[in-house]
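Heads up, the thing below is written out as structure tokens.
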Amino acid sequence: MDQLRAYKALLRKFGKQGWWPAKSRFEVVAGAILTQNTNWRNVEKAIGNLRKARMLNAGKIARAGKRKIEELIRPSGFYRQKAGRLKDVARWFVSADKNRDTGELREELLSIKGVGMETADSILLYALGRPVFVIDAYTKRMCGRHGIRRTGYEGYRAFFEKNLPKEVELYKEFHALIVELGKRYCRKKPVCEGCPLRALLFSSYPLKHVIQH
DNA sequence: AGCCAGGACTGAG
DNA sequence: CTCAGTCATGGC
């Protein structure tokens with residue numbers, strides 16, 4: 001399919017990313033909270049602390065004292081906020097029926113304070129295996145630099161979901177690859193200077209037909 | 001020495 | 001809806 005050219009180009013350039021490295025679904029959920037505006041390395045430390053303390057478990061976190069959680073996740077930053085959010089999400093994870101409609105689960109996740117759209121979608125895609133395309137700052141930045149403009153998070157999500165095959169594995173890898181590309185070349189700068197894929201993406205972006213109006 | 005990371009919330013224009 | 005301030009640690 002011609003629409004997957006940019007994806008394939010990224011895959012060829014960076015290889016399979018294999019997101020999300022975790023031993024359980026809840027580990028993905030915890031990571032989704034801890035990684036909010038935080039370097040993934042710091043998240044790994046926090047998760048490592050939880051694991052060593054044998055606290056990497058929804059029931060235990062939901063039940064644990066907030067102060068104890070704060071100590072364990074301190075390396076991930078914003079630890080006071082995140083401790084509370086982590087407990088709330090853990091409580092949800094324990095009692096929620098995950099065999100339900102994706103939209104219903106999404107609304108429920110969004111109703112939790114501290115869970116925004118990107119975090120909710122990351123949980124849906126990487127922990128629950130639902131076909132939801134995750135949008136982040138890199139994705140918007142990349143789109144903007146290639147003439148694709150939409151309003152709000154949902155605008156960009158609809159754009160990707162309507163123009164890509166509805167495949168979970170594709171969504172997982174594509175998002176991870178966009179992040180990888182962004183980390184290297186599309187940080188908070190006006191343009192992607194030095195990006196080896198710039199010309200390629202500009203001329204063969206998978207959703208090219210949408211760009212033209 | 002800063003800058004910023006796999007955000008979300010609140011309040012303001 | 002967009003923007004700025006806030007939350008906080010650690011790597012490069």
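Values in this document were obtained by computation on a predicted structure and should not be read as measured data.
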From the list dG11(C), dG7(B), dC9(B), which nucleotide is the closest neighbour of the side chain of Lys113(A)?
dC9(B)
Rounded to whole Å, CD1 of Ile135(A) lies from P of dA8(B) at a distance of 12 Å
Report yes if the ring of Tyr138(A) lies under 5.5 Å from the six-membered base ring of dG6(B) with planes under 30°, and no otherwise.
no
Whole Å only: how far is the CD atom of Glu44(A) from the P atom of dG6(B)?
11 Å
Given dT9(C), dG10(C), dC9(B), identify the nucleotide with an atom nearest to the side chain of Arg74(A).
dT9(C)
Is it true that a side-chain atom of Lys87(A) and a backbone atom of Ala62(A) form a donor plus acceptor pair closer than 3.5 Å?
yes
dG6(B) P sits how many Å from Ile47(A) CD1, rounded?
13 Å
Just how far, in rounded Å, is C1' of dA8(C) from OH of Tyr79(A)?
7 Å
Out of dG6(B), dC9(B), dA8(B), minimum distance to the side chain of Trp20(A) belongs to dG6(B)
Using a 4.0 Å heavy-atom cut-off, does Gln81(A) contact any base of the nucleic acid, only the sugar-phosphate backbone, or nothing at all?
base
Hey, which of these two, Gly114(A) or Tyr126(A), hits DNA chain B nearer its 5' end, going by closest nucleotide?
Tyr126(A)
Most 5' of Ile112(A) and Asp136(A) on DNA chain B, judged by nearest nucleotide:
Asp136(A)
Polar contact flag, side-chain donor to acceptor under 3.5 angstrom, Trp19(A)-Glu173(A):
no
May I ask you to say whether Asp88(A) pairs ionically with Arg91(A), meaning some side-chain N is under 4.0 Å from a carboxylate O?
yes
Give one of base, sugar-phosphate or nothing for Thr119(A), where a contact means two heavy atoms less than 4.0 Å apart.
sugar-phosphate
Arg141(A) CZ to dG6(B) P, in whole Å, measures 11 Å
Compare the minimum distances between each of dA8(C), dG6(B), dG10(C) and the side chain of Asn37(A), then state the nucleotide with the smallest one.
dA8(C)
Go through dG6(B), dG10(C), dC9(B) for me and flag the one nearest to the Lys45(A) side chain.
dG10(C)
Between dT2(C) and dG6(B) - P atom distance, rounded Å:
24 Å
Nearest whole angstrom, please: distance from the P of dA8(C) to the CG of Asn42(A).
14 Å
Using a strict 4.0 Å threshold on nitrogen-to-oxygen distance, state whether Arg67(A) and Glu70(A) make a salt bridge.
yes
Nucleotide dG6(B), atom P - distance to CD of Glu173(A) in whole Å:
16 Å
Roughly how many Å apart are dA8(C) and dA1(B), using the P atom of each and rounding to a whole number?
27 Å
In this structure, how many angstroms lie between the P atom of dC1(C) and the OH atom of Tyr153(A), rounded?
15 Å
Could you check whether atom NZ of Lys98(A) has more than 12 heavy atoms from other residues, nucleotides or ligands sitting under 6.0 Å from it?
yes
Which of the following nucleotides, dG10(C), dG7(B), dC9(B), is nearest to the side chain of Phe78(A)?
dG7(B)
